[in-house]
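Working notes for the structure below.
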Amino acid sequence: MKSHSMSDRPEDICPEPVKALDPAPDPLSPPLYFSSVYRCSNPSQATALLTGAESGYVYCRDGHPNADMLAEKCRRLHGAERAAIAATGMGALALLVLAQLEAGDHIVVSNQLYGVSLELLTSEVGRLGIRSTVVDTTNLEAVGGAMGSLTKLLVVETISNPLLRVADIAGLAELAHQRGAQLLVDNSFASPAVCRPLELGADWVMESLTKIMGGHSDVVLGCICGYERNFDRIAKVLSRWGLASSPMDCWLALRGLSTLAIRVRQASGNALAVAEWLNSQPQISAVFYPGLATHPDHDLALQLFKTHFGSMVTFTLSGGRLAGEAMIAAVSSCIPFCPSLGEVSTTLSHPQSTSHRGLSEEERNALGIEGGTIRLSVGIESADAIIEGLAKGLAAC
Ligand SMILES: *Cc1c(COP(=O)(O)O)cnc(C)c1O
């Protein structure tokens, strides 16, 4: 390789930018491009790159190769025309709001959304002059009643937290389209290995890649997938509002995605076995899993998901909060209490003290969340090992 140094002095050689290898290597695993900025060949090419007339990279906030490689994988997983990566799942939701909505618009959002999403889509967007109505989206009539002529967006989650209600995506999409609105589905509790909302009629699908898609609890990232015709403002908003992702996170998430299908297959099989086992235990008053015939949305889940019902299982101990605390303590060495989900190993969370702590007691009761309610994120260990761990926990209740 020829040197392009100004001099041969160490103080000049050390800070000198390293030239790319020539010929460029062709590695099997994706390289990690940490660079925040790229060389331009000349001023007209710089302008062409910055205006998008020529494809390529200039500045990391406007786009970088690791985000593009990850976006392409997400796009294909969801059968989408376009995909964009944001720094977090919330960033992906914010990206959509900022790109698609404006003051005066109205949105309809599910009352079972992830708490932080609910805050973003009610009080935060309210500050921007966007009105929202919160409804029970398992009731299509109520959704229809909440939509008006200014309604631009309907927002639901494929599988809700923590009672794992399943959204009638096809029905909701039809309803939204009849009213001239679009449907956004947060698919974070399902992943495209369980459900592909665009195929069911949704206009947008969002994933917190932090959860099941990343799968290893080592990144925070989000993605948004949809149709070419809706994507005009996405790239600009991503850059202007500073929502761009980090190359390292994208690289890790892409690696995580290489095992998504087999992780979800194994975890979903485990989850069904665990749910069936929990259902037969005397200390448990309720088990929520869409794969169980007793779940209110089982038929819908069969229709939408076909083979896998996901890795999330929620159950309620009849002994209340004390039993919940005893169980969490007894299993902590094998099933850690972590208020997130989608990790390769089994973890649990306690909705009353974490995700749903902001609700009043009555609101929680109305949803069916009690002190003894525990949400499991089932991992890819053997089902026997998970059940053994849970049995130890139940013995302590
Ligand atoms: C975690 C989560 C989000 C937010 O994603 P972050 O990556 O934490 O910003 C949104 N929706 C659901 C359903 C989630 O579980």
Side-chain angles (χ1 to χ4, degrees), residues 67 70-71 74 78 83-98 107 109-122 124-125 134 137 153-167 169 183-195 197 202 204-225 238 241-246 248-250 252-254 256-257 264 267 288 290 310-314 338-343 347-351 354-359 367 369 375-378:
L70 177 59
C74 294
H78 271 298
I85 305 297
T88 66
M90 292 315 299
L93 269 184
L95 170 61
L96 192 106
V97 165
L98 294 166
I107 62 177
V109 301
S110 165
N111 65 347
Q112 294 207 13
L113 286 191
Y114 177 67
V116 186
S117 305
L118 203 53
E119 267 180 58
L120 170 68
L121 297 172
T122 56
E124 289 298 318
V125 301
V134 179
T137 44
L153 193 68
L154 169 61
V155 187
V156 298
E157 288 175 15
T158 307
I159 301 176
S160 77
N161 176 26
L163 299 184
L164 315 177
R165 295 301 306 263
V166 177
I169 297 172
L183 175 66
L184 162 65
V185 178
D186 177 340
N187 201 50
S188 305
F189 269 49
S191 91
V194 166
C195 182
W204 298 95
V205 60
M206 168 262 171
E207 298 272 3
S208 167
L209 301 175
T210 313
K211 314 290 170 53
I212 298 167
M213 299 267 284
H216 298 75
S217 303
D218 51 10
V219 297
V220 183
L221 274 181
C223 81
I224 193 100
C225 301
L238 197 53
W241 289 80
L243 299 168
S245 54
S246 109
M248 181 78 211
D249 282 359
C250 292
L252 283 166
L254 193 60
L257 280 181
V264 169
F288 306 92
S311 47
M312 305 302 294
V313 179
T314 299
C338 299
S340 186
L341 60 121
E343 166 64 31
T347 62
L348 63 78
S349 185
H350 183 248
T354 62
S355 51
H356 294 71
R357 70 186 183 285
L359 300 186
L367 288 175
I369 299 162
R375 189 193 77 191
L376 283 177
S377 168
V378 177

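Counting convention: from 1, in listed order, for ligands and their atoms alike.
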- Message: Looking at Glu157 and Tyr114, would you say the former's side chain and the latter's main chain have a donor-acceptor pair under 3.5 Å?
- Response: yes
- By side chain to side chain contact (heavy atoms under 4.5 Å, CB included), which residues pair with Val220, not counting sequence neighbours? Thr88, Thr210
- Query: Taking distance alone, with no angle check, do Met90 and ligand 1 share an N/O pair under 3.5 Å?
  - Reply: yes
- Check ligand 1 against Glu157 and write out every atom of the ligand that is under 4.0 Å from a heavy-atom position of the residue. 13 (C)
- Return the residue, atom name and 0.1 Å-rounded distance of the protein heavy atom closest to atom 6 (P) of ligand 1. Gly89 N, 3.4 Å
- Task: Please identify which atoms of ligand 1 are closer than 4.0 Å to at least one heavy atom of Phe189.
- Result: 13 (C), 15 (O)
- Item | Contacts of type side chain to side chain contact (heavy atoms under 4.5 Å, CB included), residue Ser377, not counting sequence neighbours | Met312, Leu341, Thr347
- Okay, side chain of Ser188, backbone of Ser208: is any donor-acceptor separation there less than 3.5 Å? yes
- Regarding Ser110 and Thr137, is there a side-chain donor-to-acceptor distance under 3.5 Å anywhere? yes
- Message: Is it true that Ser217 and Glu343 share a donor-acceptor pair across their side chains at a distance under 3.5 Å?
- Response: yes
- Message: For atom 11 (N) of ligand 1, what's the nearest protein heavy-atom neighbour? Residue, atom name and distance, please.
- Response: Asp186 OD2, 2.6 Å
- Task: Please write down residue, atom name and distance for the protein heavy atom closest to atom 2 (C) of ligand 1.
- Result: Lys211 NZ, 2.5 Å
- Query: Short list, please: which atoms of ligand 1 are under 4.0 Å from a heavy atom of Thr210?
  - Reply: 6 (P), 7 (O)
- Task: Pull out every atom of ligand 1 sitting under 4.0 Å from any heavy atom of Ser208, numbered as shown with elements.
- Result: 1 (C), 2 (C), 3 (C), 5 (O), 6 (P), 7 (O)
